[in-house]
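In the text below, chain A, chain B and the rest are named by the order of the sequence lines, each starting its count at 1.
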Amino acid sequence: GEDVEQSLFLSVREGDSSVINCTYTDSSSTYLYWYKQEPGAGLQLLTYIFSNMDMKQDQRLTVLLNKKDKHLSLRIADTQTGDSAIYFCAEIMTGGYQKVTFGTGTKLQVIP
Amino acid sequence: DVKVTQSSRYLVKRTGEKVFLECVQDMDHENMFWYRQDPGLGLRLIYFSYDVKMKEKGDIPEGYSVSREKKERFSLILESASTNQTSMYLCASSFLSSGGRNEQFFGPGTRLTVL
């Protein structure tokens with residue numbers, strides 16, 4: 001199947017690090033993404049990683065990719081209340097029109 | 001900035017009504033998509049289009065149809081709304097590219113309630 005799985009909820013204290021995990025299924029995925037959805041809004045691309053990379057860092061965000069285990073994670077350092085949102089991982093399938101499959105989403109709650 | 005707009009933020013309809021959800025993008029994107037978002041299920045692709053008048057079924061097309069008469073506009077149609085179609089509907093668009101990162105740009109969503 002083409003399931004992309006995430007845990008549904010994560011709660012962290014302001015200032016701590018958050019780690020959101022994702023497992024995907026297509027070993028030939030070219031890009032893997034993290035999208036953020038703030039309350040009442042659509043999704044917005046947060047960051048992405050190309051499949052030949054192990055890690056990507058972008059300010060407070062670190063993406064780790066373990067291709068052997070098909071595991072993707074998003075670490076947010078110094079989590080702020082403005083980081084409260086739903087985070088979706090997604091993979092792009094190769095071939096055809098390049099279908100993007102989204103995960104179930106992880107709701108991050110940041111406690112002040 | 002890319003802008004994807006949806007005709008309504010909130011919509012309430014009755015069972016059996018015909019419902020139109022409109023989506024417009026202003027970046028000349030070839031691809032347009034309709035998803036529904038339900039708690040615990042993430043985003044599920046209903047239909048997509050990669051060109052004017054072209055459409056392809058996604059993972060859950062049953063009970064829906066689409067129309068793409070102009071490049072910038074993609075409409076989702078519920079021919080006879082049912083209560084199990086109560087959901088958040090998200091439209092997205094992207095460039096047609098092979099090998100590229102293929103970022104999708106999303107509209108704000110339409111929360112549809114079918115009574």
| said: Is the shortest side-chain heavy-atom distance between B/L45 and A/T101 below 4.5 Å? | reply: no

| query | Hey, any chance A/L45 and A/W34 share a hydrophobic cluster, counting ILVMFWY side chains that come within less than 4.5 Å of each other, even indirectly? | reply | yes

| request: Indicate, with yes or no, if B/I60 and B/F33 share a hydrophobic cluster defined by side-chain heavy-atom contacts under 4.5 Å among Ile, Leu, Val, Met, Phe, Trp and Tyr. | output: no

| said: When you group the ILVMFWY residues by side-chain heavy-atom contacts below 4.5 Å and let the links chain together, are B/L90 and A/V4 in the same group? | reply: yes

| query | Looking at B/M88, B/R44, B/Q37, B/R9, which makes the most heavy-atom pairs under 4.5 Å with chain A? | reply | B/Q37

| task | Please name all residues satisfying side chain to side chain donor-acceptor pair (under 3.5 Å) with A/K36, sequence neighbours left out, ordered by chain then number. | result | A/E38

| query | Linking Ile, Leu, Val, Met, Phe, Trp and Tyr by side-chain heavy atoms under 4.5 Å, what else ends up with A/M55? | reply | A/L64

| query | Just wondering, more than 12 heavy atoms not from A/Q57 lying within 6.0 Å of its CD? | reply | yes

| task | Residue by residue, scan residues 107-115 of chain B and write down, ordered by number, those that have a heavy-atom distance under 4.5 Å to chain A; if none do, write 'none'. | result | B/G107, B/P108

Contacts table for residues 12-20 of chain A: side-chain donor-acceptor under 3.5 angstrom, sequence neighbours left out:
from  : atom 1 : to    : atom 2 : distance (Å)
A/S17 : OG     : A/R75 : NH2    : 3.0
A/S18 : OG     : A/T79 : OG1    : 2.7

| query | Are A/Y35 and A/L32 connected in a single hydrophobic cluster, I mean Ile/Leu/Val/Met/Phe/Trp/Tyr linked by side-chain heavy atoms less than 4.5 Å apart? | reply | yes

| Given a strict heavy-atom distance threshold of 4.5 Å, which part of A/Q37 is in contact with chain B: side chain, backbone, both, or neither? | side chain

| task | Would you mind telling me which of B/F106, B/Y35, B/F105 makes a side-chain contact (heavy atoms from CB on, under 4.5 Å) with A/L43? | result | B/F106

| task | Report whether A/M53 and A/Y33 are members of the same hydrophobic cluster (ILVMFWY, side-chain heavy atoms less than 4.5 Å apart, transitive linking). | result | yes

| query | What residue in A/G42, A/A90, A/G105, A/G103 has the most heavy-atom pairs under 4.5 Å with chain B? | reply | A/G42

| Within a strict 4.5 Å, meaning less than it, do heavy atoms of the A/I92 and B/Q104 side chains meet? | no

| field | Residue pair A/T104 / B/L41, side-chain heavy-atom distance below 4.5 Å | value | no

